[in-house]
Amino acid sequence: MDNSYIGKRVDNRYDVISLIGVGGMSNVYKAIDNATGNTVAIKFLKQEFFENEELVRRFKNESKAISLLDNPNIIKVVDVNINDREKYIVVEYIDGITLKEYIDNRKVLTWQETVQFTGTILSAIGHAHDNGIIHRDMKPQNIMLLRDGTIKIMDFGIARLSTANQKTVTDKAIGSVHYISPEQVRGKNSDGRSDLYSIGIMMYEMLTGTLPFVSDTAVSVAMKQVQDTARKPSEIVPSIPQGLEQIVMKAIEKNANDRYQTAAEMYHDLYAFRTNPAIVFPYGVETEKTQAVTVKKETTNKVKAKKTKVKKKIGLTLPVMAGISAAFAVSCLVAVFFIFKLSGNPLLTKYEDVNLPNFVGMTEQEAKSAAASLNFDIEYAYSTQYAEGVVFAQVPKPPKTIKETVQ
Amino acid sequence: MRIAGKTDKGFRRADNQDRYIAGALANGLSFGFVCDGMGGANGGSVASGRLCRTLEECLFLENDNKAMIAEKTVLDAIDVACSRIYHQSQTNPSLKGMGTTVSGVTVKDNLCTAYNAGDSRVYVLRNGVLTQITEDHSVVQQLFKQGAITEDEMNTHPQKNLITRAVGVKTDVEVDVSETTLVSGDRILCASDGLTNFVKKEIMAQILASEDFYNIPKELINKALENNASDNITAIVMEY
């Protein structure tokens, strides 16, 4: 029955092409949406769940809630259709690889890349949280990476429905055991902070190429989430900057009250780190407290100014926390760094080759001083993903060798 | 030995996938089994029904056999049913993934043998105290045993529904067997999780102690329904 969709037109709109995925609760097909001509992915609820009224009701409600989310980094729900014959969700079709595959390929990501991915993920998750939607199954397998580097978070809120209230035999423990928060292991109420915990685990994995809690059985991994303390990432990869490690360790605190309380708060620290990779945060490190507090204050002041501005502009009422969230949630002015393609200039061949640095993530000022010996132009553009004054793109991109110029 | 049993669809499910059998053989053996079917559109009741029928057939073959070894009969029956259910689920796509729990007892003289795979349960009420004599095969039970979660957390966990064993989801199944020596007046309760999830243990103990023996299953189920039980509910009560 489940395979019979291929080659058929569903609801006189979607031409189903092929089966692209089989999940616990749904089968996913690639299809063409005849209303728009777009390629889409359709998730059909498996027939065996049709009788479970509660599950169907939640499938419908949650799908509708997710369809209201509007963020470039969250997979878009195009259509939700729940009737007697079919129950399905249509989402945009993503041609890419999962972040898990990317990490597995690369083994370890640079901290710059980790910061960039995490920043995007946090701003998207923050948008969902602001709309009352918790993902509850954040893991690199649920994050798609497009060819151009764009990130798309999938399976919002749907994943945890998969076994809701239906007796299921499993060899696995609850959910995606390597990424779930202690409160989810315990079956306690989970909230946005549970997603932040999972994002912290993902950062750990990106930075070190390993997971903080591993074991041969799922149950003992779950137990470690509750009881064990993770090794510091820098014990595995010594070059990880302290400030970034602090962010990871704070995100994966056992007690949700000790973590970042909101995605924006975590983004705030990530931004402060990106602005100043030598930053040391005032938590967890007694000895550097004085210095760190000063840094933090500066950041806070800067943020406050920004908050006021943004608030006025779009009339948002934001919860206590964070100006920076406003700055990130709303488009802001950032720098695009254009480096002249000097290597193509035959006149310059007599000069030495230098490796092109990655300026993305730096502030405009940092980029200028780092690129002092290069010819470049700066363009300004709006980005929803980057903080104000931060370089979010550069042309050409590293790795690339360019010719040094004379001052 | 007095025996009473009842099952109810509950409020939310379209059909009842619980099945139970209970009775006594001419050779003096009494038995009661609860099977909670799962998976597939109708597969759950196919699996639980088949297991109950197989148990019934195998037990009644031994009706007059005074030298019957109950444990062997029951385990063989579960074994046969398991491989039948599994093969049926592999050949009929609409039954794919079906399976069933099994929890029950055989009682001969004062020896109560309890059998369990899955998260249905067997309890014994003695002197007003209700004791669970089977151990659930569930993820939360494992987490509890390893000390990751408390008993309270286990009982209220939203993913209590994840079980680690069931009859018919693989070619064979491991069944726990345990023995309890009964004393006169003991009451045995075999129940599906529709009961145990929706009625507190103390309340079950109170109802089980009732004078009106043959109404106990109905009273237990009514209590679960009062608590808005969304699942199928089954209870068998046996008095030694």
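Just so we're on the same page: letters track the sequence lines, and every chain starts at 1.
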Can you measure from CZ (A:Arg186) to CG (B:Leu143) and round to the nearest 0.5 angstrom?
11.0 Å

Quick one: what part of B:Asp119 sits under 4.5 Å from any heavy atom of chain A, side chain, backbone, both or neither?
side chain

So for B:Thr101, is it side chain, backbone, both, or neither that comes closer than 4.5 Å to the heavy atoms of chain A?
side chain

Give a yes or no on whether A:Asn257 atom CG has more than 12 heavy-atom contacts from other residues, nucleotides or ligands under 6.0 Å away.
yes

Around B:Lys223, counting heavy atoms of other residues, nucleotides and ligands shown, do more than 12 lie under 6.0 Å from its NZ?
no

If you count the non-hydrogen atoms of other residues, nucleotides and ligands that lie under 6.0 Å from NZ in B:Lys218, is the total more than 12?
no

Heavy-atom pair with the smallest gap, counting every atom of A:Gly187 and B:Pro158:
O-CD, 3.1 Å

What's the shortest heavy-atom distance between A:Met223 and B:Ala148, and which atoms?
CG-CB, 3.4 Å

Winner by heavy-atom pair count (cut-off under 4.5 Å) against chain A, out of B:Gln146, B:His137, B:Met154
B:Gln146

